[in-house]
Amino acid sequence: MEEQQYRTVAREGEYETEVKRSRFLTTLAPAATEADARAVIRRVRERHPGATHHCWAYVIGASGAVQKSSDDGEPGGTAGVPMLQMLLRREVRDIVAVVTRWFGGVQLGAGGLIRAYGGAVGHTLDVLGTVARRPVRLATVTVDHQRAGKLENDLRATGRTVREVRYGDRVRIEIGVAEGDLDRFRDWLADATAGAAALELGGVTYVEG
């Protein structure tokens, strides 16, 4: 399956809205796993123990493979689901949203709740902004010491991401290469090193950009 670019939040942040005297504090955070997402939910609960509800939703995986939500005591389908739908509509991934509500004494009704919870997530995405994350294939280039310095400079000069350089009997340079650029990169590497470098491909990771 081809990996795809997606958007997420760069870091955890929050934003508060008010609807008919009810306060809605939205926390958005990056979450690469369900454990990450649940840790954020737990932390928000501990931070605001006196709140009426802590409703949440998260989407994990570049393709949105894991999608879960909770109404946390609000009428079924009026909180977690509209929050999840907003995340999906905005096409963000690896993200958790928690909306903490303090009841203001005025009933909002099902439609009002759906708009309030979905809207709170949408407003917070607008305020915090998102970053694109694109897939790159991890690759290790192994080369002799004589060529290593120039090769590392050339890699950086051509805009490739050098992640790590390890020195041993030979030099191992770990880089990220866009999947569609692999064939072109092999040719470039052979030219740049007169065929003296070895290329070993690893797994896929995501980088901003």
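- Only one option out of V99, T27, L25 pairs with V44 in a side-chain contact (heavy atoms from CB on, under 4.5 Å); it is T27.
- I60 and V98 end up in the same hydrophobic cluster when Ile, Leu, Val, Met, Phe, Trp and Tyr side chains are linked at under 4.5 Å.
- Applying the ring pair (Phe, Tyr, Trp, His ring centres under 6.0 Å) criterion to H123, with sequence neighbours excluded, gives no partner residue.
- For the pair V59/V66, no side-chain contact is recorded, criterion being any heavy-atom separation below 4.5 Å from C-beta on.
- Side-chain contact between R101 and L113 is present, with heavy atoms from C-beta onward closer than 4.5 Å.
- A 4.5 Å side-chain heavy-atom check between T124 and V121 finds every atom pair outside the cut-off.
- Pairs engaging residues 127-169 under the ring-ring contact (aromatic ring centres under 6.0 Å, His included) rule: none recorded [sequence neighbours left out].
- Under the ring-ring contact (aromatic ring centres under 6.0 Å, His included) criterion, the residue pairs touching residues 173-200 are F185-W188, with sequence neighbours excluded.
- With sequence neighbours left out, Y15 forms a ring pair (Phe, Tyr, Trp, His ring centres under 6.0 Å) with no residue at all.
- Applying the salt bridge (charged side-chain N to carboxylate O under 4.0 Å, His left out) definition to pairs two or more places apart or across chains, those involving residues 52-70 are E34-K68.
- The structure places CG of D169 at 11.0 Å from CG of D144, a figure rounded to the nearest 0.5 Å.
- The nearest pair of heavy atoms linking V9 to A29 is CG2-C, 3.7 Å.
- Listed by chain and residue number, R23 satisfy the salt bridge (Lys or Arg N to Asp or Glu O under 4.0 Å) test with E16 (two or more places apart in sequence, or in another chain).
- For R115, the side-chain contact (heavy atoms from CB on, under 4.5 Å) criterion is met by no residue, not counting sequence neighbours.
- Identified under the salt bridge (charged side-chain N to carboxylate O under 4.0 Å, His left out) test for residues 182-191, with sequence neighbours left out: D181-R184.
- Applying the salt bridge (Lys or Arg N to Asp or Glu O under 4.0 Å) rule to D72 yields the partners R45; only residues at least two apart in sequence or on another chain are considered.
- Under the side-chain contact (heavy atoms from CB on, under 4.5 Å) criterion, K150 pairs with D154, sequence neighbours left out.
- Looking at residues two or more places apart in sequence or on another chain, you find a side-chain contact (heavy atoms from CB on, under 4.5 Å) between A51 and H48, H54, T100, W102.
- For the pair L201/L182, a side-chain contact is recorded, criterion being any heavy-atom separation below 4.5 Å from C-beta on.
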Could you list the donor-acceptor pairs under 3.5 angstrom formed by side chains in residues 76-89, with sequence neighbours left out?
residue: T78; atom: OG1; partner: P75; partner atom: O; Å: 2.6

